[in-house]
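All chains are named by letter (A, B, ...) in the order of the sequence lines, taking the proteins before the strands, and each is independently numbered beginning at 1. Only this structure's heavy atoms are used, side chains among them; waters, hydrogens and symmetry mates stay out.
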Amino acid sequence: MSEQELIRRNSLNELIRLGIDPFPPQTFEVNAKASEIKSGFPGDPSLFQQVSMAGRIMSRRIMGAASFTELQDESGRIQLYIKRDELCPGEDKTLYNTVFKKLLDIGDIIGITGYVFITQMGEITVHVQSLRLLSKSLRVLPIVKEKEDTVFDAYTDPEQRYRQRYVDLIVNPGVREVFVQRNKLVNSMRNYLNNKGYLEVETPVLQPLYGGAAARPFKTFHNTLEMTLYLRIANELYLKRLIVGGYDGVFEFSKDFRNEGMDRFHNPEFTQMELYVAYKDYEWMMSLVEEMVEKIAFDLHGTTVVQVGEHQIDFKRPWKRFTMYEVIHHFTGATIDGMDEESLTALALSLDVPIDKTMAKGKIIDQIFGEKCEPYLIQPTFITDYPIEMSPLAKKHRDKPGLVERFEAICNGKELCNAFSELNDPLDQRGRFESQMELGKRGDDESMVLDEDFLRALEFGMPPTAGLGIGIDRLSMIMTNSPSIQDVLFFPQMRPEKKISE
RNA sequence: CUCUCCGUAGCUCAGCUGGUAGAGCAAUUGACUCUUAAUCAAUGGGCCGCAGGUUCGAGCCCUGCCGGGGAGACCA
C-alpha cells in the first residue's frame, strides 16, 4: 500500500476514535446542485440562502482559520468557503482544525449546508455553515488542475481510463457528458419509434442457432438442457417471427455479440437497434432513417450539422443516394454491371484490392466497395441495390436481376445502418440458406446457418416488410465526436489485469 | 494474428554515449480569516511492467513474456 493510502487509513481510524462514522447510513437531503446555483444565483440570490449539497472534495486551499474547497456533484463543481469560527462557533474547534484540516482529503464525499454569496474575486461560492462526512475515500485520485482552459496533468492514459472508468468519470467531466448524450440519443430514437406506434420488444440473447448476420458467434452451454447455445449476433430472425405473428411494427435495442477482432470501431458486445415494419419497402425505410437521424442530431445539438473530427457532417434531409454499382463506377471508373466472378477478380487485382479464394462474386464486390468507396463517403449517403450473394435475407430487386433491395447508410467513412425489403418468400429463403451453406463449405466461416423454425414461420406467411439495423455505438461516436468506440462504452472489453494492487 | 510505439512515485512526465533514481501536482509538518494551478518553509515517498541475458556495473543494451495505444487483417 502506498504511503498516502496508509495515511488515509490512519485518518479513518482517527475519525472513528472521534466518534465520527466514516460511512454513515442516514440519508442526506440535497436541495441544490452546483450548476443550478451557478446559473440561478445571479438572477435571484434569495433562492439560495439555505442550500444543502452533497459531493466530492476536489481541491482544497487552506489559509489558517479559513479555507476554500471545491465540491463536485453530478452537475459540476462549485467553490465552498469554510470559516473556522462559523463552522465551530463554540470553544471546540475540532471539526475545523482536526476533522476538516487533517482528516478529510481530496476525494472524500461530504454534505454541507450554507448560503451562496459572491467572493471579492467574483466567484459564486457557498458559505458553509455545517459540514458532515458522508463517505471517506481511501484511494488517491489523480489530480487534474485547470486554469483558463489549460489543463494540467490531464488523466489521459487510455488503459487506466477504461479499466477504472469510475476514476475517469470523476476526474474528466467531459466523459460523463458523452454518456448523457448517448442516453439522449437512445431516448430520442425510442420516442420517435414509439410515436409511430411501433412495439418495443425483447427477444432471446441465448439462441440455439445464430442468425441474421454474417459473423462468428460466442458459444456457451446450458447444463440442464445439455445443449450448445450461442449469444446472438443479431435479433433479425426473431423480430421477423413477431411480424409473422401479427405485429405491424416491432423494434428492439439489443446487445449483440460477435466473436471478431477488436479495434476502435469494434467491441465484442455492441448495441444495435433493429426495426421491422410490415407493408413497407426499403425505399420507405430510407426516408425513415433520414427523418429519424436528422431528428436525433437536432435533439442533441439543436442543429443538423455535427462536428466529427475534421469534418462537419450535415444530417439534413434528403441524403444522397447511389446504387452500389454507381458508387463503384464513381470511385474506380469500372462498370461492374454484368461482370462474372473471373472479371471481378481481375478488377480487384488491378485495383490493389486484397481478395482470397473463399470470396464469391458478392463478397468481391463488397470488398471493392469497402476499400475504394466507403472510406471516402463522409456526408450521410445511402448506398442501394447490393449483390444477392451477400444478402441472404433480403428480397430480390423488383427489376434488377442479381441484386436485392438493400441499402446501407454510410457516414464518416463507416457503415451506420443496414436495411432491406425483407425476403418473405419461404422457398426463395430456403434456397438462399442453401447457397450460404455452399459458401460455408468453400471456407467462409461467417456464412449463415439454416434455421428451419424461421423457414416454418415464413411458410405461414410474412407480410412484405421493411427491416433496419442501426448501430447505436457508431451513431453515438458520430454524435459525440468520439474517435473510438471505447469512448462511448462505459466498460469496453479489456484483457484482465494481472493483479489489482492491494 | 502482423507491424509499430509505450510501461519510471498516488497522477503527469524528465532521466544524455550504461556509472548509487529526478521535477511538478498530490501527501506529511508548520505559517496564513476572500483563495482559485492559492502562497511560503521544511520533510517523506520508487520490485524503473515481469523474467532472463550481456557487463566490473543496466531505468537505459539484447531476448522472451504481460498489459496498453496506433496502423493493418477480420468484422458492424
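Under the stacking criterion of a centre-to-centre distance below 5.5 angstrom and an interplanar angle below 30°, F270(A) sits stacked against the six-membered ring of rA76(B).
Separating the P atom of rG46(B) from that of rA23(B) is a span of 14 Å, rounded to the nearest Å. The same atom, P, is picked in rC65(B) and in rG59(B); the two are 22 Å apart, to the nearest Å. Distance check on atom P: rC56(B) versus rG49(B) gives 25 Å, rounded to whole Å. Straight-line distance between the C1' atoms of rG72(B) and rU63(B): roughly 26 Å, to the nearest whole Å. Rounded to a whole angstrom, the distance from the C1' atom of rU54(B) to that of rA41(B) is 48 Å. For the P atoms, the distance linking rA58(B) with rG18(B) amounts to 13 Å, nearest Å. Atom P of rG19(B) sits at a distance of 11 Å from the matching atom of rC60(B), rounded to the whole Å. When the C1' atom is compared between rU17(B) and rA73(B), the two are found 40 Å apart, to the nearest whole Å.
Y210(A) pairs with exactly one of Y238(A), F257(A), F454(A), Y230(A) by the ring pair (Phe, Tyr, Trp, His ring centres under 6.0 Å) rule, that one being Y230(A).
Residue contacts for E123(A): at a heavy-atom cut-off of 4.0 Å it reaches a base atom on one of the strands shown. Among the atoms of the strands shown, none is found under 4.0 Å from any heavy atom of D256(A). Residue K101(A) is out of contact with every strand shown, counting any heavy-atom pair closer than 4.0 Å. Heavy atoms of R495(A) sit under 4.0 angstrom from primed sugar atoms or phosphate atoms, though from no base atom. Residue contacts for L416(A): at a heavy-atom cut-off of 4.0 Å it reaches no nucleic acid atom on any strand shown. Nucleic acid contact for Q486(A): sugar-phosphate only, since backbone atoms but no base atoms lie under 4.0 Å from a heavy atom of the residue. Contact annotation for E415(A): backbone-only contact, meaning every heavy-atom pair under 4.0 Å involves sugar-phosphate atoms and none involves a base. No engagement by N10(A) is indicated, since no non-hydrogen atom pair under 4.0 Å with the nucleic acid exists. Using a 4.0 Å heavy-atom distance criterion, R84(A) is classed as making no nucleic acid contact.
In the model, Y162(A) has a side-chain atom that pairs as donor or acceptor with a side-chain atom of D487(A) under 3.5 Å. Side-chain atoms of T125(A) and Q79(A) form a donor-acceptor pair, as typed in the model, at a separation below 3.5 Å. Side-chain N/O atoms of R60(A) and T69(A) include no donor and acceptor closer than 3.5 Å. One side chain, H127(A) or E86(A), offers a donor N or O that lies under 3.5 Å from an acceptor on the other.
Nearest-nucleotide positions on RNA chain B for I485(A) and F117(A) put F117(A) closer to the 5' end. Both D105(A) and Q272(A) lie near RNA chain B, and the one whose nearest nucleotide falls closer to the 5' end is D105(A).
Whole-Å rounding puts the I170(A) CD1 to rC11(B) C1' distance at 14 Å. At whole-Å resolution of the value, NZ in K147(A) and P in rC25(B) are 14 Å apart. For the pair E5(A) CD and rC11(B) P, the computed distance is 10 Å after rounding to whole Å. In this structure, R8(A) places its CZ atom 9 Å from C1' of rG10(B), rounding to the nearest Å. Between the CD atom of E374(A) and the P atom of rC74(B) there is a distance of 13 Å, rounded to whole Å. When rounded to the nearest whole Å, the span between CE of M1(A) and C1' of rG45(B) equals 15 Å. Rounded to an integer number of Å, the gap from I143(A) CD1 to rG24(B) P is 16 Å. Rounded to whole Å, the distance from CG on N97(A) to P on rA31(B) is 10 Å.
Evaluation of the side chain to side chain donor-acceptor pair (under 3.5 Å) rule for R56(A) yields no partner, not counting sequence neighbours. Taking A346(A) as the reference, nothing meets the side-chain contact (heavy atoms from CB on, under 4.5 Å) condition, with sequence neighbours excluded. For D153(A), there are no salt bridge (charged side-chain N to carboxylate O under 4.0 Å, His left out) partners two or more places apart in sequence or in a different chain. In this structure Y96(A) satisfies the side chain to side chain donor-acceptor pair (under 3.5 Å) test together with S67(A), sequence neighbours excluded.
Considering only the side chain of Y155(A), rU12(B) comes nearest among rA38(B), rA76(B), rU12(B). Distance from the side chain of K102(A) is smallest to rG30(B) among rC34(B), rU12(B), rG30(B). Set against rU28(B), rA37(B), rA26(B), the side chain of Q4(A) has rA26(B) as its closest nucleotide. In the set rG67(B), rG10(B), rU35(B), the nucleotide with an atom closest to the side chain of Q79(A) is rU35(B). In this structure, of rC74(B), rG69(B), rU28(B), it is rG69(B) that holds the atom nearest to the side chain of M494(A). Picking from rA76(B), rU12(B), rU35(B) the nucleotide with the shortest atom distance to the side chain of Q160(A) gives rU12(B).
Side chain D153(A) to base rG24(B): a donor-acceptor pair is found below 3.5 Å. Interface remark: the T119(A) side chain does form a donor-acceptor pair with the rU35(B) base, using a distance-only criterion of under 3.5 Å. Judged by atom type and distance alone, E3(A) does not reach the base of rA27(B) through any side-chain donor-acceptor pair under 3.5 Å.
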Worked check of side chain to side chain contact (heavy atoms under 4.5 Å, CB included) between L87(A) and R84(A): CA-CA 5 Å; L87(A) 191 64; R84(A) 187 230 286 147; over 6 Å; no
Verdict with reasoning, L377(A) to I383(A), per side chain to side chain contact (heavy atoms under 4.5 Å, CB included): CA-CA 10 Å; L377(A) 295 168; I383(A) 304 300; 3.9 Å; yes
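Distances shorter than 4.0 Å separate none of the side-chain N or O atoms of K145(A) from OP1 or OP2 on rC11(B). Between R61(A) and rA38(B) there is a side-chain polar atom (N or O) within less than 4.0 angstrom of OP1 or OP2.
Stem list for RNA chain B (at least 3 consecutive Watson-Crick or G-U pairs, distances under 3.5 Å): B:1-7 with B:66-72, B:10-13 with B:22-25, B:27-31 with B:39-43, B:49-53 with B:61-65.
Residue P492(A) comes nearest to R165(A) through the heavy atom pair CD-NH2, 4.0 Å, listed as atom of the first residue, atom of the second, then distance.
The ring of F420(A) has its center no closer than 6.0 angstrom to the ring center of F407(A).
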Might you list the N or O atoms of the protein lying below 3.5 Å from N or O atoms in nucleotides 71-73 of chain B, with each pair's distance?
residue, atom, partner, partner atom, Å
rA71(B), OP1, R264(A), NE, 3.1

